[in-house]
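Working notes for the structure below.
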Amino acid sequence: MAEMSNDSASAAAGIDLSQFFQVFFEEAGENLESMEQMLLELDIEAADDEELNAIFRCAHSVKGGAATFGFSDVAQLTHQMEALLDKLRRHELNPTTQMVDVLLAAGDALKALLARHQGTGDAVPDTTELLVTIRTLCDGGQVDVAGKASVAAPAPKAAAPAPVPAAAPVAAAVPGVPQPRSLELTITEGANPELVDNITELFTEIVGLGTIEPLDGGKAADGVRRFKVVTTSSDSDLLDLFTFHVSRESVRLAPLGAGYGFHEGAPGAPADEPAAAPAPDLGYGFFDSAPGAPGADAAPPADAPAPAASAPLTEIVPAARPAPAKPAAKAENKAGAALESATLRVSVEKVDQLINLVGELVITQAMLAQNSKSMDAGLNQQMSSGLADLERNTRDLQEAVMSIRMIPMSMVFNRFPRMLRDLASKLGKKVELVTLGESTELDKGMVEKITDPLTHLVRNSCDHGIELPAERLAKGKPEHGTLTLVASHQGGSIVIEVRDDGKGLSRQKLLTKAREKGIDAPDSLSDNEVWNLIFAPGFSTAEVVTDVSGRGVGMDVVKKNITALGGTVDIDSAEGYGMSVKVRLPLTLAIMDGMSVGVGEECYILPLGSVVESFQVKPDMIKTIGGSGRVVEVRQEYMPVIDLEKVFEVPRFDFEHVSNIMVVVEADGARVALLVDELLGQQQVVVKNLEANYRKVPDVSGATIMGDGRVALILDIGSLVRRSRH
Amino acid sequence: MHSILAVDDSASMRQMVSFTLKNAGFNVIEAVDGQDAWEKAGQRDFSLVLTDQNMPRMDGITLTKKLRENPKFKGTPILILTTESSDQMKMAGRAAGATGWLVKPFDPAKLIEVIGKVIR
């Protein structure tokens, strides 16, 4: 794309615009995000001026960049949005839900267009209808529910004090407005007369396309041909036609004209420049007599519209009134732009590399600490204090580096207001979303992986959980269903809860359904076990399969994905009152706090978060039940005993040995006691994936390298707890 | 060497303008909005101020007015970049004391051409 969008002039200036594309894409993406956010938060009844201005600015900013960098389809759509938003911020129109809907839809279309320009999107959204709809709304018309424009009502003239002076010719491309506009067409493959002929012939072949005439006297300059095109068609339509014959990169359309102007007599304005009269065509101008305008010293021409510096001011000020929209209100607000200069964009790979290196450093440090244990601290005082410093610094460094990857949960939650709004209106439901703990931070990798399962849970709640408004009223509930998303830190985990006040799970229905599916489901199952049935593969409780959550991934996939992240899912429900799904996840996948235990010659790591307590066992505490099962009694509570030696078939050379240390661990709401030889200590371990490097091993979630260089397995407590149930 | 103050809230536009101007041999100081520009203008002299109109915190026209109130910038050329090529906006710029305007989108060569007319 090296030469893309460069017309002859910019090629001469030696600037390749494509180098700015990435910044533009990121910036446009951010602008669209914040626009969507603000649109969703917009109070239609009492829209705040500053809010409307900020939304306008987003569209405006995207349009400016898109037009500059040659993305005409994006510019076209944002231009229309901007026109509507401009009327809103000037109070020439009052915001309606329809407008918000259409602007949101337009935002989606823009995202798709931008994705396509970046080469990531697939479908090309058709913006024709959107453009018509926005224009209709802009003209004060109404659109029906489907979003199609109906007959436009006459524009509310009273509210609009002649917005644009009649004398102002529409200079730049006003997309879609069926009035002829003059464009400058540049073809960089212009040296090939055949290609050029193909394009000029289009204008004779297609009736109503407009006229084309050379601007360069039929001669290519540096292989570039320039034409003047007068047409009513949109830029994108024209480009679609042209690209039958030439590549998209080699054609460019721009409004015809100089694009700038000087005010006569303004300081710095060039003397030899014609005054502002032909301004709309030039696209730029200087104000006469203004400071710095070229020829400020020269006597202004007698027939100039504004001959004196002082006189025109009073005359002009009223006309200018609507333009500087309340600068006082704007100032000192939203320091967003300023903040930008304090942040730095770094690719995720670089951060990951850093994290890997820190992981290695942690291992090296642990190794040094281990080796120095045998050292005489008295003799090597300096060395010891150096190692202590190293340990502290390594830990601080590790925390600092990990925090780079931490992003707030609001990044995930932010997508839900929009999704629920669309979903609820599609299902005819009324749903209010409450989010709590948005500032809770989570590892970026985790955020990416948890987004899909969470989306599914939210859809599920809205679709199957929350009832239709009439049904809710009949049950004496408020018409609006409430969906609550809560994120919080609990120990070394983050807990995300999706809660609704809908109809909840029905024990009887679930049991019946399970039996239909051939699942063994006796009536004796506890509530919790019944709720967990919905995670069985292919299980769905809705009687009607909707296109919202009935198809695609099921709850079984949700559970599988969360388990794969080292997380757990817990369901709680009360029929008629709603349900809550709690997802518990480790904060990060890379490093964890562990307790190391010894069994025979082996060392195993237990995730510290799952360790409840440890104690020395006395022979009478262990009881054998039902032949092989053993339980231990701790404070009148019995829990299964798992002998790690037997689970992992640890070789034993000392046959007399009896393990007598119990470590109580907890997972999935159940506790088991692990029988081990000794407790070795607590330490941070760098988790190495076993599956990726070797294969999946039952009861093991990963491995790590210990300070002395040995490999220790990290135990999967959830799996051990499940083992105890069988 | 001439120093130019380039003011735009859009990072991509700022980058483009700055790159173009530096390529043409100017010294460029960037500002992210009118307020930022106003603060930077207090610290040094500029041969030209090139400002966007619609920005958070302080817009281009307000910036122009403020600069003109300062004797230091009485004669400095100020160009306002605007996507709204309406007469209204131009007149507002004129009233504020701007030297001229430049309609977005423009290409780099156009920018150099226009600047060449006011900086000699």
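Chain identifiers are assigned alphabetically (A, B, ...) following the order of the sequence lines, protein sequences preceding nucleic acid strands; residue numbering begins at 1 within each chain. The figures that follow rest on heavy atoms only: side chains count, while hydrogens, waters and symmetry mates do not.
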Side-chain (A:Glu27) to main-chain (B:Ser12) donor-acceptor, under 3.5 angstrom: yes

[atom1]/[X] to [atom2]/[Y] distance, rounded to the nearest 0.5 angstrom?
X       : Y       : atom1 : atom2 : answer
A:Phe20 : B:Ser18 : CZ    : OG    : 8.0 Å
B:Gln15 : A:Gln22 : CD    : CD    : 10.5 Å
B:Asn54 : A:His60 : CG    : NE2   : 4.5 Å
A:Glu30 : B:Ser10 : CD    : OG    : 10.5 Å

Chain A contact via B:Leu79 - side chain, backbone, both or neither, heavy atoms under 4.5 Å: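 Side chain only.
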
Can you pull the salt bridge (charged side-chain N to carboxylate O under 4.0 Å, His left out) pairs that have at least one residue in residues 68-80 of chain A, sequence neighbours excluded? A:Asp73-A:Arg116

Taking only residues two or more places apart in sequence or in another chain, which ones pass side-chain hydrogen bond (donor to acceptor under 3.5 Å, both in side chains) with A:Asn31?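 A:Asn31 satisfies side-chain hydrogen bond (donor to acceptor under 3.5 Å, both in side chains) with no residue once adjacent residues are dropped.
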
If I compare all heavy atoms of B:Met16 with all of A:Phe69, which pair ends up nearest, and what's the gap? CG-CE2, 3.8 Å

